[in-house]
Every structure is written in structure tokens, then in C-alpha cells.
Amino acid sequence: MSAPGERESPKDNGGAFVDSPVASLDPGAAKAEIDRLTVEVTQANHAYHGEDAPVLSDAAYDALKRRLAELETRFPDLKRSDSPTERVGATPSETFDKVSHRVRMLSLENAFDAGEIDEFDTRIRRFLNLDAGEDLTYTAEPKIDGLSLSLRYVEGVLVQAATRGDGETGENVTANARTIRDIPKSLPGAPAVLEVRGEVYMGHDEFQDLNARQTREGLKTFANPRNAAAGSLRQLDAGITAARPLHFFAYAWGEMSEPLADTQFGALDRLAAFGFQTNPMTRECKGTVALLAAYAEVEQKRATLGYDIDGVVYKVNSLALQQRLGFRSTTPRWAIAHKFPAELAWTRLEKIEIQVGRTGALSPVARLAPVTVGGVVVSNATLHNEDYIAGRDAKGNPIRGGKDIREGDWVQVYRAGDVIPKIADVDLSKRPEDARAFDFATELARLGLRGLRPEGESVWRLAEGQIPPEVAIERLNHFVSRGAFDIEGLGPRQIEMFYADDTLPIREPADIFTLARRDARNLSRLKNRDGFGERSAGNLFQAIEDRRKISLNRVIFALGIRHVGENAANLLARHYGSWTAFHHAMISAGAGEGPAWDDLLAIDGVGAVMAASLVGTFAQAAERASIERLAEELDVEDSRRPMTEGSPVAGKTVVFTGTLEKMTRAEAKARAEALGAKVAGSVSAKTDLVVAGPGAGSKAKQAEALGIEMIDEDAWLRLIGA
DNA sequence: GTGCCTCGAGTTCC
DNA sequence: CTCGAGGCAC
């Protein structure tokens, strides 16, 4: 639909288009072009970083972006607030503002059969010390297959809507949420602050209609209602969201200034009274038998509900008991999702391949003839390890009835947790006669890799010293990943390109920080390459420069030492305080003995395995040299030393007991120590303070007997000003 | 020594 | 998201 005289879109003639000189454009024409380019570049960003195939060549993309930047410089007033020129390599997740949840959005533990539901009930009773006789009351409600959303109301007015994200931080989709009819804009008589949580979803009929419309308009269709709902909510243009038939069921809450009710069921009633849709199939159930009856009822009505559900959620009804039960790190103890059996599909396993991970782990993957499972086309499935292929678990117990997996087999595929494709069964009657059992060792030899499987472990690993390109690249990817150096504009694609580059290679972390220097010496400069203009090259160098100064914990995590993840890196950084101290300790800690080794093991949360992994890494000459080259380039900030001045707990002896909900024990301890407190394991007359979470037992009693001050976790966090 | 609880690592598809 | 394994409490 191009109007006469309208210039063709630049992407139609590749990068070689000719524009009117920027200076000669009148503001009207400039505005039209800026608007158009903003959209095109943004779309290209999405396509590039998101699910679709890139729509533009790198050169064409660069040209578009450069043109937009020029126009914006010439006509700054016309620059749009959503301009993509501000960011290098913007990902879709960066197109919405981040929102940190005041109360984390957790996930649920899953159960698949009645036995697991009984265990759930038993665990709760044991935790609460309940009599065997009496049944607990639960609620049961369908688990909607959509995406969760948190709605924040202040003085009864909707002020913010946020997606779940990783549970800690989500995306601000307020404008989009306001277009959903099921979401009230105001709640008369609501508490001063109320966060309502629930699920956004799309009905079956509406999903069909939407896809039909998409097809008519030549747009891409959605694989299933959940993807359609997610795609519709995460539109930058709220106008598009408004045109999509989205619904919302409320089933939970986050922060609130006063409790809604005494029970889960009562709270849902309150939410319904505020004008929210709550699921009509929600039931109050006394005991597990009633829960299973509710499950059967939902399962029976599943096909006629008109929207997707993937199970039934059970929650302890009493909110007082919920509070006593509290949380594990990622899930509440008082709720569980009883999932429907996963959808299954048969297909042919064409090939078994071996992948190499960042740590040298060798994992087998099944290449499958593409098959639709649960609304998604699957063509790969994890095979975990050697034993899994052979049909036995690590203890030698048969899995899949002891059937092994061979190339050419007919296999039954499902998506574990509705995500990860796995193989459920093998049809031995259809096994080709020439199918041979998969032999890991033989296969590795064929690939020219030396591997070994340590005694007692289930994973094959590369023998020491081999670093094939895949591993080097994965290590670099880890190095620049989010919790590590997090360098903007240096993602997997760029890493792969630089790794293969002959004039300006990045083969180890230190190379990243020498890149700009080497570039300056080079004749073939980065800014002259495909995909890089002067601006993008400059941005990349700046992003790298910005990360030269970095916290100790990030550096330690970035090294990618086995068993040392984000958490352990934090512990180590807090303990050693500086790169010099850490580095010195690692190279002076002998093989399993000596003061430096003992000091390392004394860190709460560090055991012999992790310690050996750390010390072993620094004992390898090549590894150590590479790490030291990196350190030369960096300005590593010291970790905060224990502060004793002005700390409310300095010099006090603190004991943590019961379950901590907002932090792990190791974290709590490290933090207390950073504030100058001493953390002890048991309560004695010398104890100054006991921090007791739910489930506190003998230690709390003893503290009471000794008359020692006892506070809960929240009070502790307030005390230390967290 | 056993049994929980976390963390680390690997994995897939969008 | 799930598995395996490390770390620690009992």
C-alpha cells in the first residue's frame, strides 16, 4: 500500500539506498522519516535479538540506524522517546522499564500424582506440629496457563502493572494492563496499598480468531494461547494490546497495607468484591481426599472451560498458617501445583550428538524429527548423560522400564515442566534391526575428544587441558553475562564473531580489555566492518571501558570456575575483601593443607570440593596466566570490610535459627559479619541476639530460658537497615 | 550417616 | 525448569 511518490522502504533495496541530504529536509518530511525509521530499527532490533530471523543485513541495519541518528542530531525536537539509537543491542526486555517487586513473585512446587500430594500434606503437618487426626483445610483452584501479572493499587487507584520477570524484577506494562477489561482501574474501599496478582490469559475462541486475523493481515500467527497472551501484553504500543482479547483472573497478592481476610478463600472473596474475576471453580477442601476430588472435577471440565489450564493449585487456607510455614528460596511451603500429565508425542530419533558445555561437561542431545508437543514444535531433547541413554539412573535403577535409547528409535517426547523436551518412552518393536547401542567413549573418540567420567559421577567431561573453540566461546559468553561483566553490545553473536576474527580476535577475557588498543594499531578498523559504524564501535569500546572498574565478586564469578557460582563468588569476595588477597590465597593454598587452605575451608558455604576446584584452577599454569593477564587490565574494587563503627550489631554474638525467608543462612551470616557481628551456631549465655524464623525449635526455647533477646527476620533486617 | 535444602550447571524454545 | 551434587544440620 504505497502512496504515489512515497519513497520505498530502505530495506527493499538493501543498504545501497540514497537519501536526501539531511540538511535539506523540511521538518515535516524529517518527522515522517524519523517516525518510520524509529519503527523499522526497533523492529529489526526485536527480530535480531528475539525469536524471528533477522530481517536486515548488518550493513542495511547499520545504514538505517546511522541515518536515524543523523536526523535526530539535526532535528533534536523530533527525536522520539522510544528511539532505538540510545541503546546498543537493545533487547526486548530493555524496551520496558524494569520494576522491582516489593514482595517477590515466587513459583510453585510441582506434583504429578496423589502420592506427592500426600507428601505435601505430611510435610506441612510435620512442620506445624499438627495432630495426626485432624484434616487441614486447603483451597483448590485451576492453574491458568497464561502469564502472571502484579497490579499495584495505591489509595485504590491502579498505579503500576508488572510482569513476573525473574521473580525479583519484572517489566512495567502499566499502559498495556490498563487496556484489559477484567482489570479494574480503581478499587473503591481498598487498603491504602494493595498489590493484586493473577494470570493474564486468552480464551480458545479468541485465540483462533486472533490467529485468523493475523493470517489475513499477513502477520505471524501464535503457537498457542499462552504465547498469544504474552505477545499481546508485551506490545510497545498499548493500542495493539487494547485490540487483543485478554482476560485476567486474580488469585494472590503481594504487598498490602492491611490483610484482606483470615483465609485464602476469604481473600479471594474480597478480591471478587473489588471487581476482579476470580476462578469460579475454586473450592475449599478439608484433607487430601477432598483435594483429589477437586482435581478430578477440574480435570473432567478441562475441555469445556474455553481456556488453557495446566493443573490445579492447592494452598493452605489459613493465612496465619501460611505465614508460619513461610518460604523456601523460590517456593512457598504452603502451596503446590498438581499438574496434569504432560502431553506426549511419538517421533523418530534421528541422531544422538554430544555437546560441550562451558565447564567441559559433555552432554548428549537427541536430534528429533520435528514434532508438535503441547503447541510447540520440538526438534531437540536433552539426554542428560550416559546412564540416561542406557536406561538406568545414577543408582542403577531402571528408567523408562530399563529401555535404552538408540539412533533410529521411535521415541515418545514430552516437555518437562512444559518447557524442557525429554524422552518418556521408546517403542522397541519399531527399533531398526541395525540400531546399535550408543557408546559414549567410541563417539568421543570419533570426535577427536579425550573425555573421562570420574568415579561416582554421571557426567563425562573433557580431560584437562583441552579447550575446544565451543568451550572457549562459552566461557567468554559466561564472562560477559549478566551476573558477571555484563558488557553491553558484547553478546553471544559478537563473541562468536570476535573469536573467529583474525585481525582483532577475542580468545580469552583479557583480550576484551585490550581490544580498543589493538584496534587503534590496526589498519582494518572495527568501525569499517560490516555491522559496525563509527558510533557502534565507539559505543562498544566505551561499554568495555566502563567495566574496567568492577566489583570483586563479579570478577570471581566471571572466571567461571566450576562449583563457584554467583553465590559462592559473593562469599569469597566478602571473605577476602580484595583481589590481591584473593589471588594470593588461591596461589598459596597448597593441595589440601596449610593455613591458606584452612582459611578457605573455614568460609561458611565453602567445602572441600569447591576449595579444590578453586585452588586447582590457579595451579594450572595456563589458567593462572590467563587470569593474571586479565587482572592486569582491571581496576578491581575492594569488597566492603566489616564495619564496626556505627553498626548496631558490632561486637555482638548473633544466632540464626529456624527458616530464613529473605536470605540464605550463608548470606545472613556473611552480612552479619560484614557489620561486625559474630555469628554462632548455638545459643549460650554469651549470645546477645537470636534471630528466629518459622520452625525455630530448641534454640528458640533455650533463648527464652536464658532470657536472650529474640527477634524475627523482618525485625533483624530493619535493625541492620536492609 | 542420613536427609534436607540450595546452588550450580546444562538445556530448549520463544 | 530439572537434575546432580555440595554443604550442613540432626
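What's counted below: heavy atoms across the whole structure, side chains too, no hydrogens, waters or symmetry copies. In what follows, every chain begins at residue 1, and chains take the letters A, B, ... in the order their sequences are listed.
Within 4.0 Å (heavy atoms only), A/Ala568 reaches sugar-phosphate atoms of the nucleic acid but no base atom. Among the atoms of the strands shown, only primed sugar atoms or phosphate atoms (P, OP1, OP2) are found under 4.0 Å from some heavy atom of A/Ile561.
Distance, A/Ile423 CD1 to C/dC3 P: 15 Å, rounded to whole Å. The distance from atom CG of A/Asn385 to atom P of B/dA9 is 17 Å, rounded to the nearest whole Å. Distance A/Glu474 CD to B/dA9 P: 13 Å, rounded to the nearest Å. Between A/Asp387 atom CG and C/dG4 atom C1' there is a gap of 12 Å when expressed in whole angstrom units. Rounded to an integer number of Å, the gap from CD of A/Glu566 to P of B/dT6 is 17 Å. Nucleotide C/dC1 holds its P atom 15 Å from the NE2 atom of A/His384, rounded to whole Å. B/dT11 atom P lies 11 Å from atom CZ of A/Arg358, rounded to whole Å. Distance A/Asn477 CG to B/dA9 P: 15 Å, rounded to the nearest Å.
By the 4.0 Å N-to-carboxylate-O rule, A/Asp308 lies too far from A/Lys143 to be salt-bridged with it. The residues A/Arg400 and A/Asp425 are annotated as not salt-bridged, no charged nitrogen and carboxylate oxygen being separated by less than 4.0 angstrom. A/Glu109 and A/Arg123 are joined by a salt bridge, as a carboxylate oxygen and a charged side-chain nitrogen come within less than 4.0 angstrom of each other.
Look at A/Lys422 and you won't find any side-chain N or O under 4.0 angstrom from OP1 or OP2 of C/dC1. Between B/dT11 and A/Asn380, no contact under 4.0 Å exists linking OP1 or OP2 to a side-chain N or O. Under 4.0 angstrom from either OP1 or OP2 of B/dC13 there lies no side-chain N or O belonging to A/Asn227. Dashed line: the shortest gap from a side-chain N or O of A/Ser379 to OP1 or OP2 of B/dC13 is under 4.0 Å.
Distances were taken from every side-chain heavy atom of A/Ser363 (C-beta onward) to each of C/dC1, B/dG10, B/dG8; the shortest belongs to B/dG10. In this structure, of B/dC13, C/dT2, B/dG10, it is C/dT2 that holds the atom nearest to the side chain of A/Asn110. The nucleotide whose nearest atom lies closest to any side-chain atom of A/Thr359 is, among B/dG10, B/dC14, B/dT12, B/dG10. Distance from the side chain of A/Val376 is smallest to B/dC14 among B/dC14, B/dA9, B/dT12.
Judged as a side chain to side chain donor-acceptor pair (under 3.5 Å), and not counting sequence neighbours, A/Thr347 has no contacts. In this view, A/Ser232 and A/Arg244 satisfy the side chain to side chain donor-acceptor pair (under 3.5 Å) rule, not counting sequence neighbours. Listed by chain and number, the residues in a side chain to side chain donor-acceptor pair (under 3.5 Å) with A/Asn172 are A/Thr174 (sequence neighbours excluded). Annotation: side chain to side chain donor-acceptor pair (under 3.5 Å) contacts of A/Glu443 (sequence neighbours excluded): A/Arg446.
Only A/Val606, A/Gly607, A/Ala608, A/Val609, A/Met610, listed by number, bring a heavy atom of residues 606-614 of chain A to less than 4.0 angstrom from any atom of DNA chain C.
Both A/Val564 and A/Arg415 sit near DNA chain B, but only A/Val564 has its closest nucleotide nearer the 5' end.
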N/O donor-acceptor pairs under 3.5 Å from side chains in residues 552-564 of chain A, not counting sequence neighbours:
| from | atom 1 | to | atom 2 | distance (Å) |
| --- | --- | --- | --- | --- |
| A/Asn553 | OD1 | A/Ser551 | OG | 2.7 |
| A/Asn553 | ND2 | A/Asn570 | OD1 | 2.8 |
| A/Arg554 | NH1 | A/Arg482 | O | 3.3 |
| A/Arg554 | NH1 | A/Ala484 | O | 2.6 |

